[in-house]
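Here the structure is laid out as structure tokens; the discussion comes afterwards.
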Amino acid sequence: MSGPEFVLGDVVKVLEPDSTVHPDNDPGLSPERCVALYEHMVMTRVLDERLVTLQRQGRIGFHIGSMGEEATVIGTAAALDETDWLFPCYREFGALLLRGMPLQSYMDNMYGNGNDPVKGRQMPDHYSAKPYRFGSVSSPIGTQITQAVGFAWAAKLRGEKLAAIVYFGEGATSSNEFHCGANFAGVYKTPTVLICRNNGWAISVPAEKQSASETFAQKAFAYGLVPMRVDGNDLLAVYKATRDALALARAGKPVLLECLTHRLSGHSTSDDPTRYRGQEEMAAERAQDPLPRMRAYLEKKGLWSEQKQQAFIAKVDAEVKLAVEAAEKAPAPVLDTMFDDVFEQRPWHLREQYEESLHAPRAQGHGGH
Amino acid sequence: MSGPEFVLGDVVKVLEPDSTVHPDNDPGLSPERCVALYEHMVMTRVLDERLVTLQRQGRIGFHIGSMGEEATVIGTAAALDETDWLFPCYREFGALLLRGMPLQSYMDNMYGNGNDPVKGRQMPDHYSAKPYRFGSVSSPIGTQITQAVGFAWAAKLRGEKLAAIVYFGEGATSSNEFHCGANFAGVYKTPTVLICRNNGWAISVPAEKQSASETFAQKAFAYGLVPMRVDGNDLLAVYKATRDALALARAGKPVLLECLTHRLSGHSTSDDPTRYRGQEEMAAERAQDPLPRMRAYLEKKGLWSEQKQQAFIAKVDAEVKLAVEAAEKAPAPVLDTMFDDVFEQRPWHLREQYEESLHAPRAQGHGGH
Amino acid sequence: MTQMNMVKAINDALRVAMRQDSRVVVLGEDVGKVGGVFRVTEGLINEFGAERVFDTPLSEGGIIGTAVGMALYGLVPVPEIQFADFIFPAFDQIVSEVAKFRYRSGGEYTSKMVIRTPVGGGIRGGHYHSQSPEAYFIHTPGLKIVCPSNPYDAKGLFLASLRDPDPVLFFEPKRIYRAARSDVPEGEDYTVPLSVAKVVRPGNHVTVIAWGAMLYEAIEASNKAAEQGIDCEVIDLRTLWPVDIDTIVNSVKKTGRVVVVHEAPKSCGFGAELVSLINEKAFDYLEAPPTRVTGWDTPFPYTLENDYLPLAGRILPAIARVAKY
Amino acid sequence: MTQMNMVKAINDALRVAMRQDSRVVVLGEDVGKVGGVFRVTEGLINEFGAERVFDTPLSEGGIIGTAVGMALYGLVPVPEIQFADFIFPAFDQIVSEVAKFRYRSGGEYTSKMVIRTPVGGGIRGGHYHSQSPEAYFIHTPGLKIVCPSNPYDAKGLFLASLRDPDPVLFFEPKRIYRAARSDVPEGEDYTVPLSVAKVVRPGNHVTVIAWGAMLYEAIEASNKAAEQGIDCEVIDLRTLWPVDIDTIVNSVKKTGRVVVVHEAPKSCGFGAELVSLINEKAFDYLEAPPTRVTGWDTPFPYTLENDYLPLAGRILPAIARVAKY
Ligand SMILES: Cc1ncc(C[n+]2csc(CCOP(=O)(O)OP(=O)(O)O)c2C)c(N)n1
Ligand SMILES: Cc1ncc(C[n+]2csc(CCOP(=O)(O)OP(=O)(O)O)c2C)c(N)n1
Ligand SMILES: [Mg+2]
Ligand SMILES: [Mg+2]
């Protein structure tokens, strides 16, 4: 008697570096859609750069970006149906905006001002966006994974036809929550796609030190999930793989999709990657930047040009500038908001504490800017 | 580019039901050793039965036994070198006694009396036995797994040549701690064998509902561990597989060893398995009892007989009777012990609380018997 | 009215809730066929099916984490943690997620659920089947904590917890799961309001605050104290947090003397909070130092369990001391 | 003597310890090349090698669980939890295992380790990079809790923690990681004893109890109070548990008035325990209700962080109120 054999599929690829397209895998996106998604990647990149500058200038407190991971973030989110749900890690503001969150709301969140949808309560890049079928960013690693599985499970129980995708880094596969989430997904066959953004690093810890598993995708075998791997720097491949994964998930076969990509920046604005990474290695990764790859493809098809690029960046720059101005003009959250939403209604002790806070002198250094 | 392929090895088997031995896998144990290990299995079984009776009579509070899992528990423990360490789950009293813990100490633990090595502080079957290179039983599922890995890692760092084995049920593979422990074992290549006693049940939850993974052994692929499976009702096979696993572990290849066995009783004396299991199914499992299987083999070789069986059981019965008598005569732990060992020395607050306890009237119902 | 024990009363509450609201689902280890190791969920799987009652893998983190997801979706999960001692693998989900979800999402999301779990000593469970972890959760903003002392309240408080908009930890005192019996309207719907304590024995000399299984010890000690001419007022908190401060303060203003009883270790236990609140709100009325009778600051022992628990024998001298102060 | 900040002082303490005792190992996320996100372990990997300083997988449960195993073996692990807010995935190992190991094994095994972790607000970290979880651990029998307020103490307390036979949680107040500077004998070995508090400002009217980063706020408020003629005695606890009760009680017997300050939420925080202990031991000396100035009972906010923290501006009116009571 012999045990099962496993074969991990190929890494899904569509766009070769020379801009040829692998016909079997081509998801057949319309030219307009291709351009729109490329533009969205560019917008994310511009925002990333601008936000880092704002942080360096002390105008916002923090930013955690997706430089280099745009194809992974946007390709996955683009593959969702309108009715599907998305549970973010913390690098998915590109997906957030794609789902419809206005740039201004995002910027207000970056400033934690009085217009911030989460009322200035969390660090920058910790957004929640229920109207856009988009979860809530939490710092503790992995907690969103079980939640996404539970959400999809609930939908399945209620007979609603939707899938949920959930993002996390390869580092997060070491968390308790990855284990619990993947296991429950397998047992209850929830319509969930677990998206592992393997960018090679968990802050300064390289993927090889994270797990002795040869690939992250093969962790699927521990849970009865379907393993898939995709070139995460290839927008079309990511889109295609996610569509396939979603189809499997909807059919009761949840998927662990590993997206192979790179983090082309520090972990966040708090990090200095030169302390633990070589210049050469970083340069090699920059050569795999998903943006030029997609751009070359669009240019070859006559859908894009240097002129369009300039114009689009100028447009985004202008929008970002306006959003920043408005965010900086907005007032800080009022003291009151500190005591709201702990419970639906304030119990006596929070009413008392609120009263007490009114009598205290306001401290210096409010307002986040 | 293609990912890795995995092949799960055969289930290791040695003793066929007709008592023929698979020559490739025969561990070549001496006739004396075979008899001794069989006797140990019988002793465990007798103890199990006697302890259940004592619990039913209200003389001890609880028992969690190994009926049906004797080959797994004793075969694994027998394969250790003297210098190796063993980290128990809670069904391994057979291993405890094999390692040299006197029966009387074990019985004192079952009674939580004043002679109990753990001072009557834990439930029955929650022993610690450092002198025997044997860990400490803890109820929360899985915590011993990371500990065993850390222990083996420490030994490796200090250049000491030892291996550590750790036991847990298939249910425990769902715990956070299995995930953390397996992952760290893989990353640091600790000399550890993770022994999954797959007895098919976690109290009333069947293994199929525990995980959608086809086998528990294949979870090894998620962590870069070596997967192995063995017929856990076959003493010789378990011994052989564990020796092989230990050799791999010592060579820097930690192993996840799945032992396929059955729980031929309720989960513990608190459980009533008839609520969730069919009679037929239980009868089918009883037919795979490891004790008759080993006995038939020994009888065929002329090493055992009904007469020997009777004599041995009588001997064990007498020993157990003595141990029970002594345990029941022993005094309860003194009040003092309640405040010891929280810290190495009692801080002021525990000195005060101890004083206070002396002035309180002693409550009724002490002493565990 | 039917006489029932607490196990049956909570079971009845679950049935009432599940019949009424199809969004209510039950999940946990062994909650299905076996009906939970204490039988609180007995028969639910037969009545409501395997689509609403789930035997889960052995993973408290998974139970609470997926319950959060279900709640975000709009179900009302009732996860069971088999023993409160095993809630710690789910501690991150409870403290970082369940408790903070409404706040951190600016009110967009809630993670409404009622986490049921047996607490406390009295079944000879040693360290790991006896603990009372309420203080950890009271210290965590965003959670409500309930602990009933009798079957009638248990059912009514459970239904109130389920309908309350906030996440509730529902602690079931296992020592009195079967020992406490009362009349309970079977199959009927009623609630006992949260954050309303109950004066179970009016008195004038000493206020004794307790809940759950220790309430009976407090009453027994108070009855004995009466023989010494000390007239105790015993308060059953029922909801631990947010606590019914008015009932406490009114009583203390009358008696000027307080004894708080709980099973959990003393240091940083809920007793400390109660003493501090009483200081803040009734300092001028205090005639004696508010006194705690609690579990000792040690792990919960096995054989000496009854010396660990703050039973009547330990409460009585504290009452006497406080009364005479 | 060298002027250094707290980051450097703890780094120096680690070096001293690791040079002296090869059983001491450091493990945690990013503690290697990067030297920890706050640089407390900077350079250790260069001096002591990758056999004693480990960058671990992202798994606090794994970090503490394997550290327990190392301790059982006889090493002295110093695990780092990157932020105290992320200690919860390891809560089960700490509460069920680290804290109880000596007790449950009848003294056979110990799980001696010093868990280092940055605590508290002040770096604009929001809910999840600002919390002060000391109360959870004080409530758990078997753990010692230390929180230094200056570099000299930080080094001495760390070395004392490492040599203490019991497991210690060493909380590093990140708000003053770099702001607090003092003379520290570099490379030298010295200890500051555990469970000994320090009167950092003697006074006669009001006892102000604080620790860590809030100590400076307590001092500032006390200095301002002096302008109003209120003479505060400020106590830096240094070790939170077991607390130095004598220093507290002696002070309160003198002043009869107390303000306790901490960042953690108020309810069931360590302040509650201190108030209760003072009631138990100095009730007859109290002239005013012991008063807590703490974080509010809400998750730790981002933008309004300075309105959440119990800064001097909030401590001063409490001192005035207590003094005038
Ligand atoms: C439970 C927990 N532990 C530690 C951290 C600190 N931390 C934040 S991000 C991070 C690394 C995450 O790496 P990965 O999962 O690969 O995601 P990536 O940042 O690369 O996208 C760490 C250690 C945390 N947020 N939560
Ligand atoms: C963290 C935790 N959750 C739940 C329990 C209750 N419990 C004790 S044993 C058990 C089932 C264990 O099953 P398995 O791991 O297969 O081991 P087996 O009993 O079959 O040997 C459960 C749920 C526990 N002890 N710890
Ligand atoms: Mg990463
Ligand atoms: Mg099992």
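Just so we're on the same page: letters track the sequence lines, and every chain starts at 1.
- Chosen from B:A202, B:G171, B:A360, B:G120, the residue pairing most often with chain C at heavy-atom distances under 4.5 Å is B:G120.
- In plain terms, the two heavy atoms of C:W296 and B:S357 that are nearest each other are CZ2-CB, 3.6 Å.
- Taking a 6.0 Å sphere around CD of B:Q57, one finds it holds more than 12 heavy atoms contributed by other residues, nucleotides or ligands.
- Here NZ of C:K33 is found 10.0 Å from CZ of B:R277. Values are rounded to the nearest 0.5 Å.
- Closest approach of B:M123 to C:G126, counting heavy atoms only: CG-N, 4.0 Å.
- Residues C:D297 and B:V342 come closest through the heavy atom pair O-CG1, 3.9 Å.
- With a 4.5 angstrom heavy-atom cutoff, B:S138 touches chain C via backbone and side-chain atoms both.
- Heavy-atom distances place no part of B:E177 under 4.5 Å from chain C, backbone and side chain included.
- Around CD of C:E51, the count of heavy atoms belonging to other residues, nucleotides or ligands within 6.0 Å does not exceed 12.
- If you take NE2 on B:H359 and CZ on C:R314, they are separated by 13.0 Å, rounding to the nearest 0.5 Å.
- The choice from C:S59, C:P57, C:G313, C:S130 that makes the most heavy-atom pairs within less than 4.5 Å of chain B is C:P57.
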Please assess B:Q122 against C:H127 for the test side chain to side chain contact (heavy atoms under 4.5 Å, CB included), listing each intermediate value before the final yes or no.
CA-CA 6 Å; B:Q122 287 218 73; C:H127 301 7; 3.9 Å; yes
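- Side-chain atoms of C:D55 do not come within 3.5 Å of backbone N or O of B:V205 as any donor-acceptor pair.
- Nearest heavy atoms, C:R124 versus B:G61: NH1-CA, 4.4 Å.
- Note: B:N176 CG to C:F88 CZ = 13.5 Å, rounded to the nearest 0.5 Å.
- Using a distance-only test at 3.5 Å, with no hydrogens or angles considered, a donor-acceptor pair links the side chain of B:Q210 to the main chain of C:L58.
- Your options are C:E42, C:E60, C:K266, and the one with the most heavy-atom pairs under 4.5 Å with chain B is C:E42.
- Your options are C:L309, C:D30, C:T56, C:D85, and the one with the most heavy-atom pairs under 4.5 Å with chain B is C:D30.
- Both the backbone and the side chain of B:I203 come within contact range of chain C, with heavy atoms under 4.5 Å apart.
- In this structure, C:L304 CG and B:K119 NZ are separated by 12.5 Å, a value rounded to the nearest 0.5 Å.
- Taking both residues in full, the closest heavy atoms of B:A332 and C:T303 are given as CB-CG2, 4.4 Å, listed atom of the first, atom of the second, then distance.
- Distance OH/C:Y302 to NE2/B:H126: 10.5 Å, rounded to 0.5 Å.
- Between chain C and the options B:E356, B:R121, B:H349, the largest number of non-hydrogen pairs under 4.5 Å is found for B:R121.
- In this structure, chain B has a heavy atom under 4.5 Å from the backbone of C:F300, while its side chain stays farther away.
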